[in-house]
Amino acid sequence: MVSYNQFTKTISLDVYGIKSDKINYQLSPEQLHDITIDKGQGVEASSGALAVNTGEFTGRSPKDRFIVKDDITKDRVWWGDINIPFDADKFDALYNKVVAYLSDKEVYVRDSYACADPDYKLNIRVINEYPWSNLFAYNMFLRPTEAELEHFIPEWTVINAPGFMANPDEDGTRQHNFAILNFSKKIALIGGTGYTGEIKKGIFSALNFILPVFKNTLPMHCSANVGAEGDTAVFFGLSGTGKTTLSTDPNRSLIGDDEHGWTNENTVFNFEGGCYAKVINLSRDNEPEIYDAIKKGAILENVILDEEGHVDFKDTSITQNTRVSYPIYHIENIQQPSIGKNPKHIFFLTADAFGVIPPISKLTPSQAAYHFISGYTAKVAGTEAGVVEPVPSFSACFGAPFMPLHPAKYAEMLSNKMIEAGVNVWLVNTGWTGGPYGVGKRMELRYTRAMINAVLNGDLGLYNYDDYHIHSVFGVAQPRTCPGVPTSVLSPRATWNDDEAYYKMAFKLTNAFRENFKKFEAYCSEEIRRGGPQRYAF
Ligand code: ATP
Ligand code: MN
């Protein structure tokens, strides 16, 4: 039997109650790739990437995400449908079952860390049932050097047992799968789901509590990159709005594609060591950097391959949420270490399926706070023909499912930091133009890129308001011209060819904004409330 151990170090998991006699510690990505294939849990695509199916779950399951209610969390967490409390004793009982389950299995252990800034470094041990989940941890977390591993003391532990099924009646879960954070024990316990995103978002959620509460640092669900002049840009947005796509820019160094912290020392740092890109409809023409990152070491999830191992990126028969994870060094132009200075520009990305929000507009500080708290994007009702009604989706701070504290806490920190740093904030609609979903079409990626480049190059006259039109409904400042973008695209109303229909749809959306904002009004100043849309339908 070959020894797979890359390092001579062997470890015991006795302290966790895991008695497995087959502990694979810190295997190399090549080893994990090969073992996955040997075990029949994955295949090699023609690109060299490993292709796996994550099983029953191909996305996160927010209703099965819990936080143990204990002395640390009870008075701090914003409890509700998003942060669902879990009983500490129930956690212990379930934990014991999971470790007993893993004790008769071969397990894969990886020591890694989160937070590229050494002052914020969080050591993480990930214990996986499956080799490919451990490869995901290699790709997504930061990789310690061999010297660092010598003296590695894990602080947080992720225990990931996709094959373990909970019994809701006994275990206190909603159904057989769960992702539970325990801040006293510093454990993320994940079972019943093989979706790898639960691993990264588990640690993200922990950091979204730890950093503001204990380190006075703002965590953000955003991507970030830096230009040749050292100018940082930050892109907030909900899933599918373009954080990964737009931050991966050959002319700017990538800091990270999803999770960052903004410190009081005027820096922005990545939490992670890799990217997790959507691959639906991916093409080399539109997104060459991401396309080329799919090679040996990367993991493709839930894609369809032909006999030669070529991926059909259009095939959504398993899920629309097809993904690839890769270590950040698969992208050529990266910032090393993954730290930038205070952002100069912040973009709020929204995929507006109503097709009424301007493709790019500048926000005042009040509008920026209002839109951050609202966290608007849209979901398209379905992919079947004839379904034309988009559904507005609001997620505070552009990432409510990962934010254990009240959104006002993050919003207040962001507002203060934006004002202090004198950041420019832009609202970018990467969604529909020329009509709503079903009538219009998705904004062309090359136009969105041109608009962002124009901002970053200083081509959109920042201070001259004659160059802008104030949108009569949203109140935002819409540029009249933009290099590389047809002028007709800049005004959403003009793209519709039917003013009345446009305004009707715009009011439908502003009413949804108003309805959603009600729950935050009590926490917000008059200043922030004024940042909302200017007109509503009565
Ligand atoms: P997540 O939080 O789930 O990682 P994300 O914000 O990183 O989501 P992306 O992975 O960048 O989102 O997904 C954006 C998707 O939309 C990509 O598939 C991209 O090709 C597509 N797209 C189409 N048009 C545009 C556009 N104008 N701007 C940005 N993305 C676009
Ligand atoms: Mn992303």
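Scope of the values below: all heavy atoms of this structure, side chains included, with no hydrogens, waters or symmetry mates. Order of listing sets the numbers, starting from 1, for every ligand and every atom in it.
Every N/O-N/O distance between G237 and ligand 1 stays at or above 3.5 Å. Considering backbone and side-chain atoms together, G242 places an N or O closer than 3.5 Å to an N or O of ligand 1. Ligand 1 has no N or O atom lying under 3.5 Å from any N or O atom of K201, backbone or side chain. Residue L246 has no nitrogen or oxygen atom sitting less than 3.5 Å from a nitrogen or oxygen atom of ligand 1, judged on distance alone. Residue R323 places at least one N or O, backbone or side chain, under 3.5 Å from an N or O of ligand 1.
Taking atom 2 (O) of ligand 1 as the reference point, the nearest protein heavy-atom neighbour is K243 NZ, 2.7 Å. Here the protein heavy atom with the shortest distance to atom 21 (C) of ligand 1 is R442 NH1, 3.8 Å. Looking only at protein heavy atoms, the nearest one to atom 14 (C) of ligand 1 is G240 O, 3.5 Å. Looking only at heavy atoms of the protein, atom 13 (O) of ligand 1 is closest to K278 CD, 3.6 Å. Atom 18 (O) of ligand 1 has its closest protein heavy atom at I280 O, 3.9 Å.
R60 places no side-chain N or O within 3.5 Å of a backbone atom of G197 that could act as its donor or acceptor partner. Judged by distance alone, with hydrogens and angles left aside, the side-chain atoms of N321 form a donor-acceptor pair with the main-chain N or O of T58 at under 3.5 Å. Of the possible donor and acceptor atoms, none in the side chain of D459 sits under 3.5 Å from a partner among the backbone N and O of N453. At least one donor-acceptor pair closer than 3.5 Å links the side chain of N333 to the backbone N or O of P250. A donor-acceptor contact shorter than 3.5 Å links the side chain of R252 to the backbone of D231. Side-chain atoms of E198 never come within 3.5 Å of backbone atoms of Y195 as a donor-acceptor pair (strictly under, hydrogens ignored). Side-chain atoms of H260 do not come within 3.5 Å of backbone N or O of M220 as any donor-acceptor pair.
Near E287, meaning under 4.0 Å from one of its heavy atoms, ligand 1 places the atoms 19 (C), 20 (O). Close approach to T245 involves these atoms of ligand 1, each under 4.0 Å from a residue heavy atom: 9 (P), 11 (O), 13 (O), 14 (C), 17 (C), 19 (C). Of all atoms in ligand 1, numbered sequentially from 1 with element shown, those under 4.0 Å from a heavy atom of L238 are 6 (O). Below 4.0 Å from some heavy atom of T241 lie the following atoms of ligand 1, by number and element: 6 (O), 12 (O).
With sequence neighbours excluded, no residue forms a ring-ring contact (aromatic ring centres under 6.0 Å, His included) with F354. Applying the ring-ring contact (aromatic ring centres under 6.0 Å, His included) rule to Y502 yields the partners W496; only residues at least two apart in sequence or on another chain are considered.
By the 6.0 Å contact criterion, NZ on K519 is enclosed, its count of non-hydrogen atoms from other residues, nucleotides or ligands being greater than 12.
Less than 2.8 Å away from the Mn ion (ligand 2), the protein contributes these N/O/S atoms: T244 OG1.
At a heavy-atom distance under 4.0 Å, no atom of K200 approaches ligand 1. Using a 4.0 Å cut-off between heavy atoms, L445 contacts ligand 1 through both its backbone and its side chain. With a heavy-atom cut-off of 4.0 Å, D258 touches ligand 1 through its side chain alone.
Each salt bridge (Lys or Arg N to Asp or Glu O under 4.0 Å) pair with one or both residues in residues 287-306, not counting sequence neighbours, appears once here: R284-D292.
Taking the six-membered ring wherever Trp is involved, the centroid distance between the rings of F66 and F178 does not fall below 6.0 Å.
No option in F236, F347, F394, F520 other than F236 meets the ring pair (Phe, Tyr, Trp, His ring centres under 6.0 Å) test with F372. With respect to Y376, the side chain to side chain donor-acceptor pair (under 3.5 Å) criterion is satisfied by exactly one of N516, D352, T350: D352.
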